[in-house]
Amino acid sequence: MTGPTMEGWMVRYGRRKIGRSYFHKRYFVLESLILAYYKRQPSANEVPIKTLPIDGNCRVEDRGLETHHGHTVYVLSVINKKEPSHRITMAAFNVQDASAWKEALEQVIDQYLNLHTTNGSMTFPPSVCKTQEDPDRDASSSDHDSQGNSGKSQPDDDDDDKKQNHHRNRTVGNESIEDWSRGIDPRWSNLNADAAASARRHWHLVRCQNGLRFFEEVQDGVQAGRCKGMKAVGVVEASCADIFELIMGIDETRYEWDCSFHEARLVQEVDGHTTILYQRLQLDFLPMFLWPRDLCYLRYWRRNDDGSYVILFRSKEHPSCPPEPGCVRAHIESGGFTISPLKSHPNGDPRARVQQLVHIDLKGWGANYLPLCHYHSVIQILNSVAGLREWFAQRDGNCSLPSVPRIPKLGTAKTRKRSALQNVASLPEMPSAGQSNYDESEYDDDDMQFYADSEPNFISKNLNATESVSEPPPVSLDLSMLSGNLGKGDLDNGKNCWSIPDCNNFRVRSKHFLIDRSKTAAGEPLMQLVAVDWFKDIKRIDHVAKRKGCVAQVAGEMGLFTVAFNVQVPAASHYSMIFYFVAPKAPQGSLLQRFVDGDDNFRNSRLKLIPSVPQGSWIVRQSVGTTPCILGKAVDCTYYRGSNYLEVDIDIGSSTVANGVLGLVFGVVSALVVDMAFLIQGNGMEELPERLIGAVRVSRLSLASATTPPEAD
């Protein structure tokens, strides 16, 4: 790569040693493997204020929205996972610029990994196979925002990074809600025909009005209740980013497109992706007889790699937001928007599919005794999709969108306006570790893409039916001695247990993926799941496999090799769920053997997770998703290589992007059924088709069942 890959004006903010804060525009330049920034657009041989080498240890963290000096900005942080003090934080005034920089940085990281870790004939020296011991490992590299200085420093721009500290524990009243809201960066995936057919059994079209289609939830006997979820689907002639910014606004502009909006205010900023809001509804059904409704709810948002946006709502109690006098406090079970890009018009004008779901209990006698009240009010709320369409249809091309949210700013509009990104050079196309995970098929039926089946059937049974996968010879093993503290239970009706799901429900890259991007059923896994441990401690639980009596130790005495995945959820009490997969030694030269004996760059670029929520509410399925995720790019992973095991510690608390995901699902974790499949991504023809390391289903987990782990040696 010659010349800058990307450059333009961004923002640096923070606090100096003397305590005064600053908010500066800086000119950022992303070159081949260097990110640097300057006070002004650099001339030849000008020394930057700060530089950061980009390599396979770097990760781009999306911190979402933050407010500084009255400005609302979208924050990115580039972190070196091996050297947490080496990082650069940058911010943009709009989500488009932040997304463009994030994609460019991730592509440079992927290029580095492809050049250094994807050589099919590469071998790994014994030195990279040693056990990684780090007794002084901190809670998470994302907890500390200090920056190293690899170039000429300027105190004004660096002092803040030595003091910023982003804690996991964020409390609302006496309840710590965001300890649970970190996880794997979830992403959209298109559903196949089987999922689409199943979705039709759960939703039916009830009316078409104002250019929208309205669907109503079909409830079974178990779910039947007074209130049903409804959704509206429409097409808006605007870009996804513009629609997103308009929806996120809570100022006077909302009156122009949301007919159910009366007023709103910010209650608490939990993090860059999660806020708690108060809103009063303006409902027009018998307003002289029915009291107005208000809401206090948690709002979570994210941007997916395909350019779509997800905004999710769920009611949340807050001590600073009691019911207003003269209002009835309604309850949102689940709700939100999805904004997905569509093919642009021939003249280049963007289009997007907007879908809104509302599952709300309006409470009060009116909703209880007048069914028409609930139906009419929900239709009024959903008509905001039509309001969005008309707002963008009539707006002047020079009209600017409101800030998100509207906050009084310093100075005039001209002094706040930043320069657009300049001299943007497109990166050469190359295979990306996390970029090729999406099913390329599209579904025009809106509700089919929006809702997942309640059963774990996400593949077409006849897809690539003729493709055969060579199976390893069966090995007879007595695994009765291997057990964890979480019991194995029934696949369909188990409670507080684990089981092994049908691996054919997961789709992986087929033998011909590089040619036609086809996917196939995963087939039998390479390793066997034998035990699951569910631990709780006052500190984070690292390197479980070395502890005496651990399943990995017992399996090693039986001549078996173990791959253990330690999923860590930091909170006031730190939880860990460890999955133990065992098998005889991997074949020499196989992809699994290369992963076990490889270096961390190779592991971070290849370890993949496929999540699924077979049983759970709509909001949980939307927040988790079903799209494969490269774990090393989404969260911090630490690898411990022993003589007969490899342990992967997956620090869920290291991701700010998904900080709201577990916050949305924690309250209903005892009613969830979650499937997870672990595999190593295949990038070359000789590495395809992909094979699962193993898969696990966790059913209706009880937090109280977690036990204290054995003491470390």
Side-chain angles (χ1 to χ4, degrees), residues 56 113-114 116-132 431 433 436-437 464 467-477 479 500 503-504 506-514 519-530 545 552 555-556 558-565 579-610 628 630-632 637 639-648 677-696:
L113 293 172
N114 290 331
H116 291 79
T117 64
T118 59
N119 185 350
S121 61
M122 77 181 301
T123 57
F124 302 101
S127 60
V128 304
C129 304
K130 62 184 179 180
T131 303
Q132 301 180 24
S436 307
N437 295 331
N464 289 339
E467 182 173 347
S468 61
V469 179
S470 59
E471 301 289 340
V475 179
S476 178
L477 300 173
L479 305 177
I500 302 176
C503 292
N504 285 325
F506 298 97
R507 296 183 64 188
V508 298
R509 296 180 175 185
S510 71
K511 184 67 176 177
H512 308 291
F513 177 83
L514 299 180
K519 294 192 176 183
T520 184
E524 291 299 315
L526 296 171
M527 307 185 75
Q528 183 174 351
L529 178 64
V530 294
M558 300 170 60
L560 299 175
F561 188 85
T562 303
V563 175
F565 295 99
F579 309 109
Y580 301 96
F581 298 91
V582 303
K585 299 295 183 181
Q588 191 68 24
S590 66
L591 186 58
L592 179 59
Q593 185 270 331
R594 291 171 54 196
F595 174 80
V596 168
D597 293 335
D599 61 8
D600 285 357
N601 284 342
F602 180 80
R603 293 164 175 163
N604 285 331
S605 67
R606 296 297 192 95
L607 181 59
K608 186 192 294 185
L609 171 72
I610 305 177
I630 300 295
L631 286 173
C637 296
Y639 304 88
Y640 299 100
R641 177 70 163 93
S643 59
N644 49 25
Y645 68 85
L646 171 68
E647 179 178 332
V648 184
F678 299 92
L679 66 155
I680 307 166
Q681 178 166 280
N683 289 341
M685 291 293 293
E686 71 282 358
E687 300 171 347
L688 297 175
E690 291 178 331
R691 300 290 307 279
L692 298 184
I693 296 175
V696 61

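In this text, all values refer to a predicted model and were calculated from it rather than measured experimentally. The analysis underlying the following values was restricted to heavy atoms, covering all of them including side chains, and did not include hydrogens, waters or symmetry mates.
Taking all atoms of both residues into account, the shortest heavy-atom contact from Thr562 to Ala555 is OG1-CB, 3.4 Å. Nearest heavy-atom pair across Phe579 and Leu529 is CB-CD1, 4.1 Å. Contact record, Phe506 with Leu692: CD1-CD1, 4.3 Å, taken as the closest heavy-atom pair. Taking both residues in full, the closest heavy atoms of Leu646 and Tyr639 are given as CD1-CB, 4.3 Å, listed atom of the first, atom of the second, then distance. Pairing each heavy atom of Gly56 with each of Asn601, the nearest pair is C-OD1, 3.4 Å. Contact between Phe561 and Arg641 at its shortest, heavy atoms only, is CE1-NH1, 3.5 Å.
Looking at Leu609, Ile610, Leu526 one by one, the single match for side chain to side chain contact (heavy atoms under 4.5 Å, CB included) with Leu679 turns out to be Ile610. In summary, of the residues considered (Arg509, Arg606, Gln681), a side chain to side chain donor-acceptor pair (under 3.5 Å) with Glu687 occurs for Arg606 alone.
In this structure, Glu690 CD and Leu591 CG are separated by 8.5 Å, a value rounded to the nearest 0.5 Å. Here the CG atom belonging to Leu631 is positioned 14.0 Å from the CZ atom belonging to Arg603, to the nearest 0.5 angstrom. Atom CD1 of Ile680 sits about 9.5 Å away from atom CZ of Arg594, to the nearest 0.5 Å. Rounded to the nearest 0.5 Å, atoms CG (Leu514) and CG (Asn683) are 8.0 Å apart.
Side-chain N or O atoms of Lys511 include none that pairs as donor or acceptor with a backbone N or O of Pro689 at under 3.5 Å. Using a distance-only test at 3.5 Å, with no hydrogens or angles considered, a donor-acceptor pair links the side chain of Arg691 to the main chain of Glu524.
Ring geometry, Phe565 versus Phe678: the interplanar angle falls under 30°, so the pair is classed parallel (tilted spans 30 to 60°).
For the residue pair Gln593/Asp597, the side-chain donor-acceptor check at 3.5 Å is satisfied.
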